[in-house]
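Here the structure comes first, spelled out in structure tokens, and everything after it is commentary.
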Amino acid sequence: MTETTGTFAVKKGLAQMLKGGVIMDVVTAEHARIAEDAGACAVMALERVPADIRADGGVARMSDPELILKIMDTVSIPVMAKCRIGHFVEAQILEALGVDYIDESEVLTPADESHHIYKHDFKVPFVCGCRNLGEALRRIGEGAAMIRTKGEAGTGDVVEAVRHARTVLGEIRHLQIMPVEELMTYAKNIGAPFELVMEVHKTGKLPVVNFAAGGIATPADAALMMQLGVDGVFVGSGIFKSGDPAKRAAAIVKSVTHYNEPKILAEISRNLGEPMVGRQISTLPDNELMAERGW
Amino acid sequence: MRIGILALQGAFIEHEKMLKNLGVETQQVRLSQHLNDLDGLIIPGGESTTIAKLAIDFGLFDDLKTFASEHPVWGTCAGAILLAKDDQSNPPRLDVMDIHIVRNAFGRQVDSFQADLLVPSLAHLNGSNPTFPAVFIRAPIINAVGKKVEILAQIGFDKIVAARQGHLLATVFHPELTNDDRFHRYFLEMIPSK
């Protein structure tokens with residue numbers, strides 16, 4: 001019997017196991033433990049949460065491998081880590097460390113202003129951000145095995161997450177009812193591989209799992225994204241920049257399971273302490289918008 | 001026939017699609033009352049720590065245990081972990097099946113794999129193909145089984161990857177991620193006819 005590793009089914013398969021779950025940003029092993037105890041289905045190991053990256057400025061890079069390894073030693077759930085857009089050597093290093101998923105992320109400073117990583121070359125799966133269907137299908141074409149809508153990380157303002165989820169899901173619905181003769185021009189216009197456009201036209205969904213990210217700070221935010229139709233959520237600064245991270249983390253996990261039950265959502269939203277201090281996206285200067293990064 | 005699928009977290013939609021394609025009525029189970037009037041239950045893959053925690057927090061854990069003592073239940077991956085004997089390790093087990101199971105036993109995600117697995121018990125469902133296309137994702141291993149447990153598939157001499165004990169079925173891989181519905185049909189055969 002031959003055992004084949006690194007197949008697309010295996011890469012995409014892990015994302016399927018994460019569905020209906022919450023992936024939490026953690027910056028220390030202690031955070032990772034709190035996230036796992038709260039019911040996170042995976043953690044994202046990084047040095048600074050997006051809110052701090054935003055506040056500190058400067059170049060944001062892949063985290064110190066030492067930190068990532070400590071977090072991998074601490075928890076039994078999957079550990080993800082971020083590399084810069086286009087920085088395939090950071091990705092090689094993360095793969096060598098044995099992380100379970102790589103996020104080629106706009107939250108870090110891009111290393112390449114024209115190209116993303118060719119992700120099919122890796123055994124480790126990748127998740128990538130998108131704002132629209134064209135961007136999602138370009139990333140899948142490059143080998144991403146999971147997609148997340150970008151939102152605007154580190155703001156605690158869910159408006160961009162909603163915009164991006166509505167855009168992607170709306171474009172899919174529109175594509176589904178298009179006559180076939182319009183698909184090639186549509187593929188050209190959105191800059192997406194024709195075969196993937198054809199596939200989405202037939203199936204009515206992305207070929208990989210699609211999470212929401214960027215600005216989710218409360219159980220209600222998470223449930224909102226789930227009701228809009230995503231498969232799960234990433235929560236970055238929203239947990240560990242809040243008053244009571246353990247409690248808020250557990251509540252957001254529950255809200256993603258019971259996203260359609262307002263009575264349960266009401267119960268779990270009680271007494272969570274201070275949410276993260278948000279930054280309204282409409283007040284941010286254009287050069288501070290992370291979601292614009294990606295080609 | 002109505003089959004429940006535990007829908008706290010994980011790949012429950014994939015199981016639901018498989019069953020619907022086989023013409024079976026399904027019910028997503030998130031709370032104890034969803035277990036009423038079910039003929040069987042699938043506990044899907046996902047993160048076992050997450051699923052166990054949510055089951056405990058919403059008062060479902062003991063009801064799942066009771067359900068599994070009386071009805072057919074199939075656990076895939078995380079679900080197989082939950083069915084296993086309680087060995088005091090994390091996450092807490094339902095302690096209904098006489099198997100010991102070790103999490104992430106093949107390594108991390110880069111070690112996840114596909115393999116054509118020999119499963120003799122599926123032979124009657126498709127005469128021509130003796131193997132099953134198994135997908136292992138950060139998979140656990142069944143490392144010990146009690147006397148009443150039938151081993152359905154293994155890798156090498158020591159790695160048990162599918163087992164059955166009466167009305168309970170455990171697979172550490174994911175038939176719901178394939179287009180092959182034989183394991184789902186095998187489970188449906190375990191449901192007593194009314």
Side-chain angles (χ1 to χ4, degrees), chain A residues 1-23 35-43 72 75-80 94-102 122-125 145 205 209 231-232 250-251 253-254 256-261 264 267-268, chain B residues 6-14 28 30-31 44-58 60 76-78 81 89-91 103-104 106-118 131 133-140 153-156 159 173-174 176-179:
Chain A
M1 187 182 65
T2 346
E3 297 175 12
T4 320
T5 57
T7 62
F8 197 69
V10 156
K11 292 177 177 179
K12 176 180 149 180
L14 177 55
Q16 288 173 279
M17 297 308 136
L18 300 175
K19 286 194 300 179
V22 183
I23 301 168
E36 183 175 48
D37 289 346
C41 66
V43 291
M72 286 165 59
V75 293
S76 62
I77 56 178
V79 175
M80 302 184 165
L94 293 174
E95 181 175 56
L97 291 175
V99 303
D100 297 298
Y101 240 93
I102 296 176
F122 289 79
K123 272 196 174 177
V124 60
K205 58 187 184 61
V209 167
D231 297 318
V253 168
K254 289 175 188 167
V256 168
T257 296
H258 296 286
Y259 65 92
N260 255 334
E261 298 283 349
I264 296 178
E267 187 56 36
I268 61 185
Chain B
L6 191 65
L8 295 171
Q9 189 271 327
F12 50 89
I13 307 273
E14 285 79 352
Q28 294 186 4
R30 291 188 176 82
L31 297 168
E47 271 310 306
S48 56
T49 52
T50 306
I51 296 171
K53 180 177 167 34
L54 286 163
I56 292 166
D57 287 355
F58 286 95
L60 189 56
T76 56
C77 197
I81 294 169
S89 63
N90 191 39
R103 292 175 65 205
N104 304 335
F106 291 91
R108 303 196 70 95
Q109 171 60 14
V110 286
D111 307 301
S112 291
F113 63 97
Q114 286 177 271
D116 287 329
L117 198 63
L118 196 62
T131 63
V135 183
F136 295 79
I137 311 278
R138 286 171 44 98
Q154 54 190 60
I155 294 178
K159 295 173 185 161
F173 51 90
H174 296 282
E176 76 281 11
L177 297 187
T178 70
N179 294 320

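Per chain, numbering begins at 1; letters A, B, ... match sequence-line order. Predicted model, so just to flag it, every value in this text is computed and none were measured.
- For Q9(B) (side chain) and K19(A) (main-chain N/O), a donor-acceptor pair under 3.5 Å exists by modelled atom type.
- Each of A38(A), A42(A), A250(A) has some count of heavy-atom pairs under 4.5 Å with chain B, and the biggest count is that of A38(A).
- The shortest side-chain heavy-atom distance between V135(B) and V10(A) falls under the 4.5 Å cut-off.
- Proximity to chain B is limited to the backbone of D37(A), based on heavy atoms less than 4.5 angstrom apart.
- When atom types are taken as modelled, the side chain of T50(B) and the backbone of A40(A) share a donor-acceptor pair closer than 3.5 angstrom.
- Scanning both residues, E3(A) and I155(B), for their nearest heavy atoms gives OE2-CG2, 3.4 Å.
- Remark: L14(A) CG to H174(B) NE2 distance equals 9.0 Å, nearest 0.5 Å.
- Here the closest non-hydrogen pair linking I264(A) and L31(B) is CD1-CD1, 4.1 Å.
- Classification of R30(B) and E261(A) as a salt-bridged pair fails, no side-chain N sitting under 4.0 Å from a carboxylate O.
- We find the CD-OG1 distance between Q114(B) and T4(A) to be 6.5 Å, quoted to the nearest 0.5 Å.
- Heavy-atom distances place the side chain of N104(B), and not its backbone, under 4.5 Å from chain A.
- For A134(B), no part lies near chain A; criterion is any non-hydrogen pair under 4.5 Å.
- When heavy atoms are compared at a cutoff of 4.5 Å, V79(A) approaches chain B by way of both its backbone and its side chain.
- We find the CZ-NZ distance between R108(B) and K123(A) to be 16.0 Å, quoted to the nearest 0.5 Å.
- For the pair M17(A) and L177(B), the minimum side-chain heavy-atom distance is below 4.5 Å.
- Neither the backbone nor the side chain of I51(B) comes within contact range of chain A; no heavy atom of the residue lies under 4.5 Å from a heavy atom of that chain.
- Contact of the P125(A) side chain with the Q109(B) side chain is registered, since non-hydrogen atoms from C-beta on lie closer than 4.5 Å.
- When every heavy atom of R138(B) is checked against every heavy atom of S76(A), the shortest pair comes out as NH2-O, 2.7 Å.
- Contacts between L54(B) and chain A at a heavy-atom distance below 4.5 Å involve the side chain alone, from C-beta outward.
- Counting heavy-atom pairs closer than 4.5 Å to chain B, the top-ranked of the candidates G13(A), G232(A), G6(A) is G13(A).
- Annotation: maximal heavy-atom pairing with chain B below 4.5 Å, among G21(A), G98(A), P78(A), occurs at P78(A).
- Annotation: maximal heavy-atom pairing with chain A below 4.5 Å, among G10(B), A7(B), A115(B), occurs at G10(B).
- Considering all non-hydrogen atoms of both residues, T5(A) and D111(B) come closest at CG2-O, 3.9 Å.
- In this structure, the portions of S112(B) lying under 4.5 Å from any heavy atom of chain A include both its backbone and its side chain.
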